[in-house]
Amino acid sequence: MMPRARRPFKPHREEVGMAALEPEVPSPAAFPDLEWYEESEEAHAPQIEPLETTSAQEPPNPSESFSPRDCLVPVVFPGPVSQEGCCRFTCELLKHVMYQRQQLPLPYEQLKRFYQKLSPQAEDMVKKKPWAPTEASNRKCQQTLTELESVLSHLESLFARTLVPRVLILLGGSALSPKEFYELDLSRLAPNSMDQSLSTAACLRRIFRAIFVADAFSELQAPPLMGIIVMAQGHRDCGEDWFRPKLNYRVPLRGHKLTVTLSCGRPAVPVTAWEDYVWFQAPVTLKGFHE
């Protein structure tokens with residue numbers, strides 16, 4: 001039997017049914033990249049639906065067929081979120097997907113701390129551990145972290161320049177035909193609202209609770225190392241000079257797909273509002289590594 005994706009536990013069918021009514025908040029161990037806070041939050045269980053929708057920019061294709069594993073995870077916030085919050089959602093989802101799909105041996109934050117320069121005494125202690133990195137794996141890790149940090153930094157710059165209605169995380173294959181891809185749909189949010197924005201930490205908890213209940217990763221087979229391509233939509237005149245514009249790019253129709261749609265209970269943004277938005281592709285293809 002192929003190993004399953006990394007999860008703290010897999011609920012039984014009965015437990016999943018109960019979670020759909022009143023999901024239990026997963027422990028911090030389930031999502032170690034996130035900062036967990038003690039503040040209380042009113043939350044309603046998200047509905048998990050089969051993926052039967054596409055972007056308003058791209059009308060449904062009658063010939064398009066989806067795997068039963070493909071799913072749409074809608075998350076509704078009780079108010080507006082900031083543009084900085086949208087960027088954080090994107091970055092945390094990228095780090096989470098890379099870890100869940102075994103492109104990183106540890107969650108990003110743990111890996112970053114572990115590979116920071118150690119004192120001679122700490123190095124001696126680390127060498128005694130059976131999973132201590134060799135010099136070769138250390139170089140691979142440093143390269144992966146450097147490239148990932150570059151993508152995360154330039155995502156922040158892109159979100160500062162323009163609204164970003166959609167983000168794609170493509171694993172394996174090419175940008176046109178990936179083996180897997182994951183989408184974050186931000187087009188229903190209102191980041192420019194004059195109302196006070198919600199706590200980003202509380203919104204992250206709600207997003208990852210929804211993904212946890214959706215159980216989107218558990219049925220996937222253990223993958224080999226794959227290249228990861230990040231694509232994001234932005235205004236064609238935003239002045240972005242690191243991400244490369246892909247004017248004729250169309251979202252792939254094949255490959256395992258998880259789509260997380262975020263909304264804040266406000267009227268939907270008119271389709272015409274996104275007519276001048278195009279896809280941008282990160283010039284760096286991230287490469288995972290194994291210990």
Side-chain angles (χ1 to χ4, degrees), residues 25-26 28 30-39 41 43 46 73-101 103-104 106-113 145-170 182-193 195-212 214 216 228-235 238 240 242-243 258-266 269 277 280 282 284 286:
V25 177
F31 307 106
D33 277 352
L34 301 180
E35 298 175 357
W36 290 80
Y37 297 87
E38 302 249 339
E39 56 235 24
E41 170 197 6
V73 180
V75 181
V76 181
F77 301 129
V81 297
S82 66
Q83 183 74 342
E84 292 79 8
C86 292
C87 180
R88 180 82 184 279
F89 304 155
T90 300
C91 294
E92 294 299 336
L93 181 62
L94 173 59
K95 292 185 282 188
H96 182 69
V97 168
M98 290 187 68
Y99 173 65
Q100 285 290 337
R101 298 307 291 132
Q103 303 305 299
L104 296 177
L106 294 171
Y108 169 78
E109 300 298 343
Q110 293 183 18
L111 196 63
K112 186 177 178 180
R113 288 195 297 267
L145 289 178
T146 298
E147 292 175 347
L148 179 53
E149 288 169 359
S150 176
V151 171
L152 297 176
S153 174
H154 285 94
L155 278 171
E156 292 180 3
S157 299
L158 181 65
F159 273 85
R161 291 175 180 270
T162 175
L163 294 178
V164 178
R166 296 171 71 191
V167 177
L168 297 180
I169 302 170
L170 312 172
Y182 303 85
E183 178 180 1
L184 182 62
D185 186 348
L186 304 160
S187 64
R188 297 170 177 82
L189 295 177
N192 290 333
S193 172
D195 298 336
Q196 182 176 2
S197 299
L198 298 174
S199 162
T200 298
C203 292
L204 278 170
R205 286 198 300 272
R206 182 168 292 204
I207 291 170
F208 281 97
R209 182 186 295 113
I211 295 174
F212 178 81
I228 300 105
I229 298 172
V230 177
M231 304 197 64
Q233 280 186 329
H235 197 280
C238 66
E240 175 58 35
W242 190 79
F243 282 86
L258 165 69
T259 297
V260 180
T261 64
L262 308 182
S263 60
C264 58
R266 304 297 177 88
V269 178
Y277 283 69
F280 290 87
V284 175
L286 300 172

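- Distance CZ/R205 to OG1/T200: 11.0 Å, rounded to 0.5 Å.
- A centroid separation of 6.0 Å or more is found between the aromatic rings of H154 and F243.
- Considering only heavy atoms from C-beta on, I228 comes within 4.5 Å of L94 through its side chain.
- Residues that satisfy the ring-ring contact (aromatic ring centres under 6.0 Å, His included) test with F77, not counting sequence neighbours, are F89.
- Considering all non-hydrogen atoms of both residues, P74 and T261 come closest at CA-OG1, 3.3 Å.
- In plain terms, the two heavy atoms of L189 and C86 that are nearest each other are CD1-SG, 3.7 Å.
- Distance alone, capped at 3.5 Å, is enough to place a donor-acceptor pair between the E240 side chain and the W242 backbone.
- Remark: L148 CG to M98 CE distance equals 5.5 Å, nearest 0.5 Å.
- With rounding to the nearest 0.5 angstrom, the CD1 atom of I207 is 11.0 Å from the NE2 atom of H96.
- Annotation: side chain of L93 is in contact with side chain of I169 (closest heavy-atom distance under 4.5 Å).
- A distance of 10.0 Å separates CG of L106 from CZ of R113, quoted to the nearest 0.5 Å.
- Every residue meeting the side chain to side chain contact (heavy atoms under 4.5 Å, CB included) condition with H235, not counting sequence neighbours, appears here in chain and number order: T162, D237, C238, D276, Y277.
- Ion pairing between a basic and an acidic side chain is recognised when a charged N comes within 4.0 Å of a carboxylate O; R88 and E84 show no such pairing.
- Residues L262 and D185 are not in side-chain contact: their nearest non-hydrogen atoms beyond the backbone lie 4.5 Å or more apart.
- Between L258 and V73 there is a side-chain heavy-atom pair separated by less than 4.5 Å.
- Of the charged side-chain nitrogens involved, none lies within less than 4.0 Å of a carboxylate oxygen, so that E109 and K112 do not count as a salt-bridged pair.
- Residues Y108 and K95 come closest through the heavy atom pair CD2-CD, 3.1 Å.
- The side chain to side chain contact (heavy atoms under 4.5 Å, CB included) test applied to S263 returns V76, R188, not counting sequence neighbours.
- For the atom pair CG of L204 and CZ of R209, the computed distance is 11.5 Å after rounding to the nearest 0.5 Å.
- In terms of modelled atom types and a separation under 3.5 Å, the side chain of Q83 and the main chain of F159 share a donor-acceptor contact.
- Although no hydrogens or angles enter the test, the distance criterion places no donor-acceptor pair under 3.5 Å between the side chain of E149 and the main chain of E147.
- By the 4.5 Å heavy-atom criterion applied to side chains, V164 and L158 are counted as neighbours.
- Note: L186 CG to C264 SG = 11.0 Å, rounded to the nearest 0.5 Å.
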